[in-house]
Amino acid sequence: MIKLLINSSESTEMSDTSFGGKPVKNLGESFQWPICACCHLPMQFLAKISAHEELHQIFMCQNDPGMCDDWDANGGGNAVVVTKPIELEYVTPPSEGVVLREAEHSTRVIKVEGNDYEDARSSWAEKNSQSPREVLGQLFGEPSWIQGDEIPACSSCDSPMEFVAQLEQGPDWQTEMNFGGGGVAYLFRCGCDGSAKFLWQC
């Protein structure tokens, strides 16, 4: 079974998987908004993915798109902040840089039979008379690579990281995330220290 992330208009809890909006933190805890290693400005918040009883909050630099290695898991142009969802509150965004997206989407997880992600995505869209763009990605399973295997190594233990999610650009081309135009993003984690990495291909 493939776990698809389906676009939804339903309201969500702070601890749910969602795209856009603001990142969250636990009450009383400090939060360091990720800074791009290339342009040294705050990154844009893309999404939070709920998995393994953690929130993987994804950031990517969009201050000068395509110039800050935002596609590379180790390039410093993107970041994943892992948060244990206990008592959550929204984070106040920085006043400089391109930090928030125009669109906000909630999701629901649907299990679909399929040989792989692409098969399940097409099958769901056809069966429900919906555009495949309504599928925002998948949880777990196997990544569907565009350019070949790029599983990142953990910076702590140097082992291949575990695949968590695959993300599409979004349901509307006018407000979609920027993965190089028609690209796909991939989220990974490592159990040794709970760290996570993010990359995209097109």
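Hydrogens, waters and symmetry mates are skipped; everything else that's a heavy atom, side chains included, is used.
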*Hey, is CE on Met67 packed in by over 12 heavy atoms from elsewhere, all under 6.0 Å?*
no

*How would you list all residue pairs meeting ring-ring contact (aromatic ring centres under 6.0 Å, His included) that involve residues 150-176, not counting sequence neighbours?*
Phe163-Phe188

*Please determine which of Leu55, Val99, Val91 meets the side-chain contact (heavy atoms from CB on, under 4.5 Å) test together with Pro23.*
Val91

*Among residues two or more places apart or on two chains, list those pairs meeting salt bridge (Lys or Arg N to Asp or Glu O under 4.0 Å) that have a residue in residues 76-87.*
Glu54-Lys84

*Are any side-chain N or O atoms of Gln166 and backbone N or O atoms of Pro143, one a donor and one an acceptor, separated by less than 3.5 Å?*
no

*What pairs of residues pass the side-chain hydrogen bond (donor to acceptor under 3.5 Å, both in side chains) test when at least one of them lies in residues 21-46, not counting sequence neighbours?*
Lys25-Glu89

What pairs of donor and acceptor atoms, side-chain ones from residues 190-202 against any protein atom, are under 3.5 angstrom apart with sequence neighbours left out?
| unit_1 | atom_1 | unit_2 | atom_2 | d |
| --- | --- | --- | --- | --- |
| Asp193 | OD1 | Ser195 | N | 3.0 |
| Asp193 | OD1 | Ser195 | OG | 2.8 |
| Asp193 | OD2 | Ser156 | OG | 2.5 |
| Lys197 | NZ | Asn74 | OD1 | 2.6 |
| Lys197 | NZ | Ala153 | O | 2.7 |
| Lys197 | NZ | Ser155 | OG | 3.0 |
| Trp200 | NE1 | Asp70 | O | 3.3 |
| Trp200 | NE1 | Asp70 | OD1 | 3.1 |
| Gln201 | OE1 | Ile146 | N | 3.0 |
| Gln201 | OE1 | Gln147 | N | 2.8 |
| Gln201 | NE2 | Gly148 | O | 2.9 |
| Gln201 | NE2 | Glu150 | OE2 | 2.6 |

*Phe179 reachable from Leu187 in the ILVMFWY side-chain graph, under 4.5 Å edges*: yes

*For Glu176, which residues count as a salt bridge (charged side-chain N to carboxylate O under 4.0 Å, His left out) partner, sequence neighbours excluded?*
Arg133

*asked:* Checking Asp16 now: which residues fulfil side-chain hydrogen bond (donor to acceptor under 3.5 Å, both in side chains) with it, not counting sequence neighbours?
replied: none

*Only counting residues at least two apart or in another chain, list the ones meeting side-chain hydrogen bond (donor to acceptor under 3.5 Å, both in side chains) with Ser50.*
none

_Can you tell me how the ring of His52 sits relative to the ring of Phe140, calling it parallel under 30°, perpendicular over 60° and tilted otherwise?_
perpendicular

*Are any side-chain N or O atoms of Arg101 and backbone N or O atoms of Phe19, one a donor and one an acceptor, separated by less than 3.5 Å?*
no

_For the CG atom of Leu100 and the CD atom of Gln62, what is their distance to the nearest 0.5 Å?_
12.5 Å

*How many angstroms lie between atom CG of Asp119 and atom CD1 of Ile2, to the nearest 0.5 angstrom?*
8.0 Å

*With sequence neighbours excluded, residues passing ring pair (Phe, Tyr, Trp, His ring centres under 6.0 Å) with Tyr90*: none

*Can you pull the side-chain hydrogen bond (donor to acceptor under 3.5 Å, both in side chains) pairs that have at least one residue in residues 104-113, sequence neighbours excluded?*
none

*asked:* Can you list everything that forms a side-chain hydrogen bond (donor to acceptor under 3.5 Å, both in side chains) with Asn63? Sequence neighbours excluded, please.
replied: none

*Listed by chain and number, what are the side-chain hydrogen bond (donor to acceptor under 3.5 Å, both in side chains) partners of Ser18, not counting sequence neighbours?*
Lys48

_Same cluster or not: Ile58 versus Val81, using hydrophobic residues (I, L, V, M, F, W, Y) connected whenever any side-chain heavy atoms lie under 4.5 Å apart?_
no

*Rounded to the nearest 0.5 Å, what's the gap from CG on Leu136 to CD on Glu134? Could you check?*
7.0 Å

_Glu142: which residues meet the salt bridge (charged side-chain N to carboxylate O under 4.0 Å, His left out) condition with it, sequence neighbours left out?_
none

_CD-CD1 distance between Glu162 and Ile151, expressed to the nearest 0.5 angstrom_ = 11.0 Å

_Sole candidate of Val80, Leu46, Val98 that passes side-chain contact (heavy atoms from CB on, under 4.5 Å) when paired with Met60_ = Leu46

_Closer than 3.5 angstrom, by distance alone: can the side chain of Gln57 be matched with the main-chain N or O of Val24 as a donor-acceptor pair?_
yes

